[in-house]
There are 2 protein chains.
Amino acid sequence: MLPERNTPKAKRTRQAVLNAALALFQERGFEATTMRDIADRASLAVGATYYHFRTKDEIVLALYGATLDAAEAWVRELTRSTPDFAVRLRGAIDQALAQLAPCRPFLGHLAGHVFIPGSPLSPFSSESAAMRERAMAIMGSVVEGSTLKVAGEFRPHLQRLLWLYQMGITSYWISDRSPQQRNTQRLLSLTVALVTKLFAVTRVPILRQANGLILSALELGTGRLEQAA
Amino acid sequence: MLPERNTPKAKRTRQAVLNAALALFQERGFEATTMRDIADRASLAVGATYYHFRTKDEIVLALYGATLDAAEAWVRELTRSTPDFAVRLRGAIDQALAQLAPCRPFLGHLAGHVFIPGSPLSPFSSESAAMRERAMAIMGSVVEGSTLKVAGEFRPHLQRLLWLYQMGITSYWISDRSPQQRNTQRLLSLTVALVTKLFAVTRVPILRQANGLILSALELGTGRLEQAA
DNA sequence: TTTGTGTCTTGAACGTGTTCAAATATAGTG
DNA sequence: CACTATATTTGAACACGTTCAAGACACAAA
C-alpha cells in the first residue's frame, strides 16, 4: 500500500523527487541517471525515494501522468471552441505533444510499457491502465458532439481507435529526429485528414459490407485489451 | 567485433548456450533465468557466455532468428504450391507462429521492447536490421507472382506493410491467453480477408484520390524506419 | 514531560546483467 | 616438437535497481 500518500510532507517529498528526476533525465537521459543520483539531488537517501515510488519506472510514469491533467483541461476548452472533428483531433494531439516535449528525450524508455497491454514485463500494468483510461476518455470528448461522420456501429470503438492512433503518432514523434519534429507535423496533417476520410467512408453503402469484418476484428482485439493484467 | 565467430568450436559453444537458454527460458521464464544459470547449464563461466553473446537480449534475438531459416524454406514451398494471395499470406504467418510456439511464453519480454525506439530488441533497431530484411523479404515472396490485386503505386510498400501486419498479429498472439490461441486464429481469418479486400479497394476509381495521401504518409513513416539507430 | 503510534528516513546489503585483465587452450608455422 | 599468435575461458569485480531492518521524527494522549 505504498503509493499515493496524502500527508502534506509526503506530497512535498514526492514533488521534490519528481523535480530532481525530471532535471536529471533531461540533463543526461534516463539510463544515465541512477536512483542514487535522483536521491542525492532530492537530498534524500535511496531508500526514501523508494518509499515514495516503487520503481524507477514509476517515476517516469508519474512525470507522464502529470501531463494528463493539463490535457484534460485543454480538451475541455477545445471542444467548447469548435465542433469540427479534424480540428479537435489535431488540437488534442498537438497539445499532448507540446506538453510532453520536455520528456521527449527519455520517454522512449517508457513508451513500450505504456501501451503494450498485458505485457508480463510491466509491473505497473494497473497504473498504466488507469492512464490509458484517462487518455481514452479524452478522445471520447473529442468525438462527442463533433462533426465526425462515421457508421454508427463504430461509435463504441472510436475512443479506443483514436487513442491507438495517438499512440502511434506519439511513438513516431518520440523518435522523430527532423528539426522541430517537422515530420511529425506533416504526418499529422496527412493522417488526420486520412482518418477523417476513412471514417466517412465506412458509411458508403458498397463498402459497408466490410464493416462487419472490421468490427469483429476490433472486438477480438478489444478482448485482449480488457484482459490486460 | 564480437559476434558471429565462425570457427567450429565457437559455433558449437554458441549452440550449447542457445540450447541451455531455450530450455531455461521455457522452464522458468526469461526474467527468472540468470546469465549464471545459462552459463552453468552450458558448462561455461559467465564470461564465456558473454564472449559469444554480447547481452542476454542478444540470446533471445538469436533464438528468434533461428526460426527465420525454417520460414524461408517453408515459403519457397508455399509459393510454389499456390498463387492465391490470401492463402499464401495466411500460410506464411501460420507457419511463423507455429515455429515460434516454443518461445511464446518468454517472447513477451521481446514484445515489450518492440515499440521502444532504440532498444536493441526492437525490430526497428540496427541490431535486428538483418532479421527485419529477411522477414520482409519473405513477405516479398508471398506477394510476388500472387493473385493479389492492388493499386500499382503501393507495390513498393507492400512487403513493409505486410511485415508490419505480421508484427501486429504476432504481438497479439504473444499475449493471447485463449486456449490454443484460438483468438489469434480467428483474428487471422478476419484480417487476412480484410487486408486482401483493402488492397483491392485501392483500385476503385472514386477512392483512388486518397491514395496520394496514404502514400505520402507511408513514405514519411518509412523515413523513420530507415533512420532507426 | 513522558509515552506511544504511526510516518518517514537511513544506508548497508542483495541479486542481477555486464566487464575485464589475466590464464588457458588451440591452431598454425618453423 | 617448440614457439607464437590467436581464440576461448575464467571468476572476481563493478554498477545499478531494489529491499529491509533499524532508527529518527512528529504529534497526540496521559
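The chains referred to below are lettered A, B, ... by the order of the sequence lines, with proteins before strands, and numbering in each begins at 1.
Remark: P of C:dA25 and OH of B:Tyr51 are 16 Å apart, rounded to the nearest angstrom. The OH atom of B:Tyr50 sits 13 Å away from the P atom of C:dC20 (whole-angstrom rounding). Between B:Phe53 atom CZ and C:dT19 atom C1' there is a gap of 18 Å when expressed in whole angstrom units.
Side chain of A:Gln26 to main chain of A:Pro102: a donor-acceptor pair is present (N/O by atom type, distance under 3.5 Å, no hydrogens or angles). Between the side chain of A:Thr67 and the backbone N or O of A:Leu63, no donor-acceptor pair lies under 3.5 Å.
Within residues 32-48 of chain B, the residues approaching DNA chain C are B:Thr33, B:Thr34, B:Met35, B:Arg36, B:Val46, B:Gly47, by heavy-atom distance under 4.0 Å.
If you walk DNA chain D from 5' to 3' and mark each nucleotide with an atom closer than 4.0 Å to a heavy atom of chain A, the marks span D:dC16 to D:dC20.
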List the steps, then state whether side chain to side chain donor-acceptor pair (under 3.5 Å) holds for A:Arg36 with A:Thr49. CA-CA 9 Å; A:Arg36 290 160 180 85; A:Thr49 326; over 6 Å; no
Begin with the C-alpha distance, continue with both residues' side-chain angles, and end with the deciding distance and a verdict on side chain to side chain donor-acceptor pair (under 3.5 Å) for B:Gln99 and B:Gln95. CA-CA 6 Å; B:Gln99 199 68 29; B:Gln95 201 276 341; 3.2 Å; yes
Working for side chain to side chain donor-acceptor pair (under 3.5 Å), residues A:Asp57 and A:Thr55: CA-CA 5 Å; A:Asp57 287 343; A:Thr55 65; 5.1 Å; no
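The shortest distance between side-chain heavy atoms of A:Glu27 and A:Thr33 does not fall below 4.5 Å.
B:Ser141 and B:Arg88 share no donor-acceptor pair across their side chains, judged by distance under 3.5 Å alone.
Heavy-atom distances to DNA chain C give each of B:Lys56 and A:Thr13 a nearest nucleotide, and the one nearer the 5′ end belongs to A:Thr13.
Ring pair A:Phe25/A:Phe30 is tilted by interplanar angle, where 30° to 60° counts as tilted.
Note on B:Thr55: every side-chain N or O is 4.0 Å or more away from OP1 and OP2 of C:dG17.
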